[in-house]
Peer 1: 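Sharing a structure below in structure tokens format, with a few things to ask.
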2 protein chains.
Amino acid sequence: MILKSQVEWALHCCAILSGLPEGRYLSTKALAELHGLPKEYLSKALQSLSQAGLVDTTLGPSGGYRLAKSPGQVTFLDIVEAVEGETRTFVCNNIRTNNPCLPDDYCYSGPCAVARIMWEADEAWREKLRSVTLSDLERMLVRETPAKLWKDTFAWVLGRAG
Amino acid sequence: MILKSQVEWALHCCAILSGLPEGRYLSTKALAELHGLPKEYLSKALQSLSQAGLVDTTLGPSGGYRLAKSPGQVTFLDIVEAVEGETRTFVCNNIRTNNPCLPDDYCYSGPCAVARIMWEADEAWREKLRSVTLSDLERMLVRETPAKLWKDTFAWVLGRAG
DNA sequence: ATATTAAGGATAAATAATATCCCTATTATA
DNA sequence: TATAATAGGGATATTATTTATCCTTAATAT
């Protein structure tokens, strides 16, 4: 059970968009080059972000993506769910209903204990992701990235941003 | 990103094994029938539990599986990891190293902020699963299963347990 | 001896993830 | 107004993973 790599891509792309000055857009092409990713497939991940309302887009030369909200308002969970979907990691197939001892007319009400416990763990995961925003990420990245590299990267980005 | 259905199967099978009297074994065949599962494939899940040391096995007629520890000593995490493996849900491919602004000689030390955050969420998930044991599950199941059904089920099981 | 079991190897089928290609409508800019 | 660059999205291909099935082997209770 592994998240799609598009989740990683989307998170890193959002980190860059967080640092973009107000009103500027960055294209799929630039984001793909910056991260060494296949442009066409990265595009699908960015489309997911767009459909989820996390980014705004504009067409034409100098078009691309920008955050639709302030970095402090976009959580990791928003991004993960936009790309990965909102389905829980544990799917209950209700195999208890196959029990040969079960009366024909019996009907379980509510999910079984196994599912409830697994879903609580899912919720703990979500809750953690909900507690971290893009501004938290930005703060961590600024602290751990050499100043020159950070500066060079955004110079590179701004040279390509519409 | 969805857990294999073998995880669900293993959890339900362990719930049954938890209720088995000391020293008795239950076969794959019985567990498969009880849950309406393909015997050969369920067998792979049970083998995983065996390899992880969660269950004991014995061969021959009246052979099968029993818990290797008391239900209070087996956590959901033990079972999930036995079947699903211990890999984290988020895999970091270190795409930051593709940054064209990165000096050739530069070498990142340690995982990036994105990975650290995602791994914290993974750890929250694990921590929740680690906090629930098979005896917790048994308590919940006893409470929510009609007494007659519970009784009939274990009569059925004991009629097949070696 | 015989029937039954777990273990595990080999292989097949179905599903999901990872791409690639191409067409359309939009838009900045020359 | 023409041109080039862009996002959106449909169709399709490739690869990996999940879900099985089948078969052989060694152990064991009866």
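First the proteins, then the strands, lettered A, B, ... as listed; each starts at 1.
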Peer 1: Answer yes when Arg116(B) and Glu123(B) have at least one side-chain N-carboxylate O distance shorter than 4.0 Å, and no when they do not.
Peer 2: no
Peer 1: Give a yes/no on whether any side-chain N or O of Thr28(A) is located under 4.0 angstrom from OP1 or OP2 of dA7(D).
Peer 2: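 Indeed, a polar side-chain atom of Thr28(A) lies that close.
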Peer 1: Scan side-chain atoms only and decide if Asn94(A) and Arg96(A) contain a donor-acceptor pair under the 3.5 Å cut-off.
Peer 2: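 Yes, side-chain donor-acceptor contact under 3.5 Å.
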Peer 1: Is any side-chain heavy atom of Leu149(A) less than 4.5 Å from a side-chain heavy atom of Asn99(B)?
Peer 2: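 Touching, per the 4.5 Å side-chain cut-off.
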Peer 1: Once you round it to whole Å, what is the distance between P of dA7(D) and CG of Leu17(A)?
Peer 2: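 In whole Å, dA7(D) P and Leu17(A) CG are 11 Å from each other.
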Peer 1: Could you tell me which non-hydrogen atom of Trp119(A) sits nearest to which non-hydrogen atom of Cys92(A), and how far apart they are?
Peer 2: CZ2-CB, 4.1 Å
Peer 1: Quick check on the hydrophobic clustering: are Leu11(B) and Leu3(B) connected, directly or via other members, by side-chain heavy-atom contacts under 4.5 Å?
Peer 2: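 They do share one cluster, since a chain of ILVMFWY contacts under 4.5 Å joins Leu11(B) to Leu3(B).
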Peer 1: Which pair of heavy atoms, one from Thr153(B) and one from Ile16(B), lies closest together, and at what distance?
Peer 2: CG2-CD1, 4.5 Å
Peer 1: Would you check if the side chain of Glu8(B) reaches a backbone N or O of Phe90(A) as a donor-acceptor pair within less than 3.5 Å?
Peer 2: no
Peer 1: Using a 4.0 Å heavy-atom cut-off, write out nucleotides 15-23 of chain C from 5' to 3' as B (base contacted by protein), S (sugar-phosphate only) or - (no contact).
Peer 2: --SBBBBB-
Peer 1: Using atom CG of Leu42(B) as one end and atom P of dG8(C) as the other, report the distance to the nearest whole Å.
Peer 2: 15 Å
Peer 1: State plainly whether the residues Arg126(B) and Glu81(B) are in salt-bridge range, i.e. N to O under 4.0 Å.
Peer 2: yes
Peer 1: Among Leu137(B), Leu134(B), Leu17(B), which residue satisfies the side-chain contact (heavy atoms from CB on, under 4.5 Å) criterion with Val74(B)?
Peer 2: Leu134(B)
Peer 1: Does a donor on one side chain and an acceptor on the other come within less than 3.5 Å for Glu127(A) and Ser131(A)?
Peer 2: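 Distance-only check fails for Glu127(A) and Ser131(A).
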Peer 1: Within this structure, what is the OH-to-P distance between Tyr25(A) and dT29(C), rounded to whole angstrom?
Peer 2: 13 Å
Peer 1: With respect to the phosphate group of dA7(C), does any side-chain polar atom (N or O) of Ser43(B) fall under 4.0 Å of OP1 or OP2?
Peer 2: no
Peer 1: Give the rounded distance in Å between these two atoms: CD of Gln51(A) and C1' of dG10(D).
Peer 2: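 Gln51(A) atom CD is separated from dG10(D) atom C1' by 13 Å.
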Peer 1: Rounded to whole angstrom units, what separation is found between the CD atom of Gln47(A) and the C1' atom of dA25(C)?
Peer 2: 14 Å
Peer 1: Per the end-axis method with five pairs at each terminus, what is the bend angle of the helix from dA1(C)-dT30(D) to dA30(C)-dT1(D), to 10°?
Peer 2: 10°
Peer 1: With a 3.5 Å distance limit and no angle check, can you tell me whether Asp122(B) reaches the backbone of Thr89(B) through a side-chain donor-acceptor pair?
Peer 2: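 Yes: the side chain of Asp122(B) pairs with the backbone of Thr89(B).
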Peer 1: Between residues 55-65 of chain A and DNA chain D, which residues have a heavy-atom gap below 4.0 Å?
Peer 2: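 Listed by number, they are Thr57(A), Thr58(A), Leu59(A), Gly60(A), Pro61(A), Gly63(A), Gly64(A), Tyr65(A).
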